[in-house]
Every structure is written in structure tokens, then in C-alpha cells.
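A short worksheet on the structure shown next.
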Protein chains: 2
Amino acid sequence: MGIIRKTESVEILLNEFHDTETALSTIELIKRLGKRINKTTIYRVLSKLEEDGILHSFLGFDGVKWFARCKACTRSQHSDVHPHFQCISCGKTECLEVKVNIPKLTNREVLISQFIIKGKCNLCVA
Amino acid sequence: MGIIRKTESVEILLNEFHDTETALSTIELIKRLGKRINKTTIYRVLSKLEEDGILHSFLGFDGVKWFARCKACTRSQHSDVHPHFQCISCGKTECLEVKVNIPKLTNREVLISQFIIKGKCNLCVA
DNA sequence: CAGTTATTAAAACTCAGTTGCAAATATAAG
DNA sequence: CTTATATTTGCAACTGAGTTTTAATAACTG
Ligand SMILES: [Mn+2]
Ligand SMILES: [Mn+2]
Ligand SMILES: [Zn+2]
Ligand SMILES: [Zn+2]
């Protein structure tokens with residue numbers, strides 16, 4: 001059950017993602033918006049936006065949840081299966097628009113996969 | 001600074017991994033050993049064994065930490081860069097002995113990567 | 001065995017995320 | 001515009017994995 005009503009919280013959160021291509025962690029969003037929106041609401045709106053295919057999420061190396069805008073997903077079809085890149089220097093975390101090769105596994109059914117890469121981003125490589 | 005002394009805790013924990021090829025979560029290990037070893041000690045010994053290249057770790061989809069035996073790692077060289085498979089039915093989590101293709105990224109330095117796949121294991125596919 | 005140093009248990013703590021519930025507000029009906 | 005109703009929100013309390021602190025204990029060294 002995704003978003004039904006266009007509330008202020010929904011608009012504020014959508015706006016954060018409107019400005020940027022990079023992913024945002026729940027922590028960062030609470031830091032930015034915690035005075036305007038209760039953290040419970042932030043978590044709830046984010047997961048509703050994910051259900052609606054507007055955002056997708058993944059876990060960073062530290063186990064914190066990150067969200068990023070979807071390109072072409074709907075409520076029924078989530079097609080954002082790309083790797084994510086996390087920079088150890090500046091923290092920037094982004095979607096990598098490349099195809100993931102999921103290895104052929106005999107006798108196993110693959111449902112979801114998550115590929116996360118840690119390193120130095122284009123701005124932080126010396 | 002890895003393991004220096006052969007203590008009972010170290011032996012008990014190593015023994016858990018000796019029996020099995022599959023990964024074990026910290027949660028499962030605390031459930032199994034929590035009456036014999038304090039959970040703090042479990043966490044500490046596990047991370048020391050990881051430093052020594054005896055175990056390697058990764059985060060499951062729920063953000064819980066899993067550990068598995070290394071094949072050919074040392075303190076200085078961790079070479080366990082394979083995907084991990086987590087079964088949604090039985091919970092079994094295992095190392096996949098296949099090569100991961102890390103996508104070529106321009107202007108970025110790759111340090112670590114984690115690839116985790118969720119699905120149904122060989123025993124649970126109907 | 002005795003001295004030194006690493007390791008352990010226990011309890012308190014941290015912190016991301018969740019739950020329950022009453023108050024607030026968006027939306028639709030009249 | 002006003003009212004009814006169902007969704008959404010804020011707050012406070014909670015959960016649970018993992019960490020920190022400190023004093024006691026056990027492993028190594030000679
Ligand atoms: Mn993405
Ligand atoms: Mn493995
Ligand atoms: Zn960077
Ligand atoms: Zn299974």
C-alpha cells in the first residue's frame with residue numbers, strides 16, 4: 001500500500017531526491033529533515049515511495065539503508081537491479097548504470113540480488 | 001591484531017565452522033553458544049578470526065553479519081571475493097564458488113565489493 | 001611457580017529502525 | 001463550505017544487533 005495522499009512530508013522527501021542523482025541514506029535524510037518531519041514519518045514515507053516504484057533501496061557496507069530514485073519502475077515491476085558504489089572518502093553513494101551479470105546457478109531460483117562496490121569516487125581518486 | 005592465544009572460546013567457535021561449509025550469522029552463533037560464551041566475546045573472536053584470514057564476513061539482506069570459512073586467505077591477503085547466496089525458505093546462506101565480474105569503472109578505484117543473491121536453495125526449490 | 005599481558009564476562013550503552021496510539025489532516029460526499 | 005471517514009503524522013516507548021568499559025580471569029613466558 002503505497003502513497004495515497006499528497007502530504008507535505010511526501011513532497012519534502014520527494015524534493016530531496018529531485019535535486020540529486022546520488023543515493024541518500026535514512027541517516028542523512030533524518031539529519032536534514034528531522035526538524036521538519038518526524039523520523040518515523042521519514043521511514044514510513046520512504047518505504048511507501050519504494051512500494052510505488054519511485055525509490056529503490058539497498059544496504060550500505062555499514063548496514064545503513066540507502067534510497068535512490070528509480071528510473072523505470074512501477075508498483076508491480078521493480079527493474080532497478082544495478083550495482084551501487086560507495087566512496088570511502090567522501091561517502092557519496094551512487095547507482096551504477098551498468099548491467100549485473102548474475103551467475104548461472106544450478107538448481108537454485110534467484111529472486112533478488114544486491115551488488116555493492118566500495119572504493120574512491122571520481123572526485124576522490126588522487 | 002588477530003588471535004594470539006588459543007583460548008576455549010576460540011576453539012569452540014572454530015569448531016562451529018569446522019563442521020560446515022555454509023555461513024553462520026552472529027545471531028545463530030549467539031543462539032548456539034550464548035550459554036557457553038558471552039556474546040561480546042563471540043563478536044570479538046569472530047572479528048579477530050577475520051583479521052587472521054580464517055573467516056570472512058558479509059552482510060545479509062537483513063543487515064545481520066554472517067561469517068564463513070576462508071579458503072585461501074592470510075592476514076595480509078583476503079582473497080574471498082565471491083558472491084553469497086541466501087535462501088528465503090530455509091535461511092541457509094552459502095558462499096558461491098564462482099567468479100564475480102566487477103564492472104569496469106572509469107575514474108574510480110575499486111577496493112571491496114559485496115554481491116549477495118537471495119532466492120531458493122537447491123533443497124527448497126519446489 | 002610467578003609475573004606479565006591478552007582475553008573474558010557482565011552490565012550498561014549506542015543507534016538504526018519499529019510499534020502503538022491518539023491527534024491531525026487530506027480527500028470525498030453532501 | 002461543512003461534515004464524515006480514512007489516511008497520515010508525531011510522540012514516546014520499545015527492539016535488537018553490535019559496542020564500550022572495567023574488573024576478574026586465564027594464557028603464555030621465563
Ligand atoms: Mn540504484
Ligand atoms: Mn564466502
Ligand atoms: Zn568520493
Ligand atoms: Zn533453502
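The sequence lines fix the lettering, A, B, ..., with proteins before strands; numbering per chain opens at 1.
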To the nearest angstrom, the CD1-P distance between A:Ile12 and D:dT9 comes to 10 Å
To the nearest angstrom, the CG-C1' distance between B:Leu33 and C:dT8 comes to 15 Å
Note: with side-chain heavy atoms under 4.5 Å as the link, the other cluster members for A:Leu59 come out as none
note: A:Asn38, atom CG; D:dA12, atom C1'; distance rounded to Å ~ 10 Å
Taken to the nearest whole Å, CG/B:Leu46 to C1'/C:dT8 is 15 Å
same_hphob_cluster(B:Val10, B:Ile42) at 4.5 Å side-chain heavy-atom cutoff: yes
To the nearest angstrom, the CG-C1' distance between A:Asp62 and D:dT19 comes to 15 Å
Name the atoms and distances for all side-chain donor-acceptor pairs under 3.5 Å in residues 13-22 of chain A, with sequence neighbours left out.
unit_1	atom_1	unit_2	atom_2	d
A:Glu16	OE1	A:Arg32	NH1	2.6
A:Thr20	OG1	A:Thr22	N	3.0
A:Thr20	OG1	A:Thr22	OG1	2.8
A:Glu21	OE2	A:Arg69	NH2	3.2

The answer to which of B:Glu8 and A:Ile4 contacts DNA chain C further toward the 5' end, by nearest nucleotide, is B:Glu8
From the candidates D:dG10, C:dT7, D:dT9, the one with an atom nearest any side-chain atom of A:Thr7 is D:dT9
For B:Ile102, the hydrophobic cluster (side chain heavy atoms closer than 4.5 Å, chained through members) also holds A:Phe85, A:Leu96, A:Val98, A:Val100, A:Ile102, A:Leu105, A:Val110, A:Phe115, A:Ile117, B:Phe85, B:Leu96, B:Val98, B:Val100, B:Leu105, B:Val110, B:Phe115, B:Ile117
Here the side-chain hydrogen bond (donor to acceptor under 3.5 Å, both in side chains) pairs for residues 103-121 of chain B, sequence neighbours left out, are A:Glu94-B:Arg108
Rounded to whole Å, the NZ-C1' distance (A:Lys48 to D:dA6) equals 11 Å
- Task: Using a cut-off of 6.0 Å, state whether more than 12 heavy atoms not belonging to A:Glu51 lie near its atom CD.
- Result: yes
Nucleotide by nucleotide, nucleotides 15-22 of chain C touches protein heavy atoms under 4.0 Å in the pattern (B base, S sugar-phosphate only, - none) -SBBBB--
Closest to the 5' end of DNA chain D, once A:Arg36 and B:Lys6 are matched to their nearest nucleotides, is A:Arg36
Of A:His82, A:Lys71, A:Glu50, the one forming a side chain to side chain donor-acceptor pair (under 3.5 Å) with A:His56 is A:His82
Rounding to 0.5 Å, atoms CH2 (A:Trp66) and CZ (A:Phe61) come to a distance of 12.0 Å
When rounded to whole Å, the CD to P distance for the pair A:Glu51 and D:dT7 reads 14 Å
Whole-Å distance, B:Lys31 NZ to D:dA17 P, equals 9 Å
Rounded to the nearest 0.5 Å, the CG atom of A:Asn38 sits from the CG atom of A:Leu33 at a distance of 12.0 Å
List, with names and distances, any nitrogen or oxygen atoms from the protein found under 3.5 Å away from nitrogen or oxygen atoms belonging to nucleotides 1-5 of chain D.
none

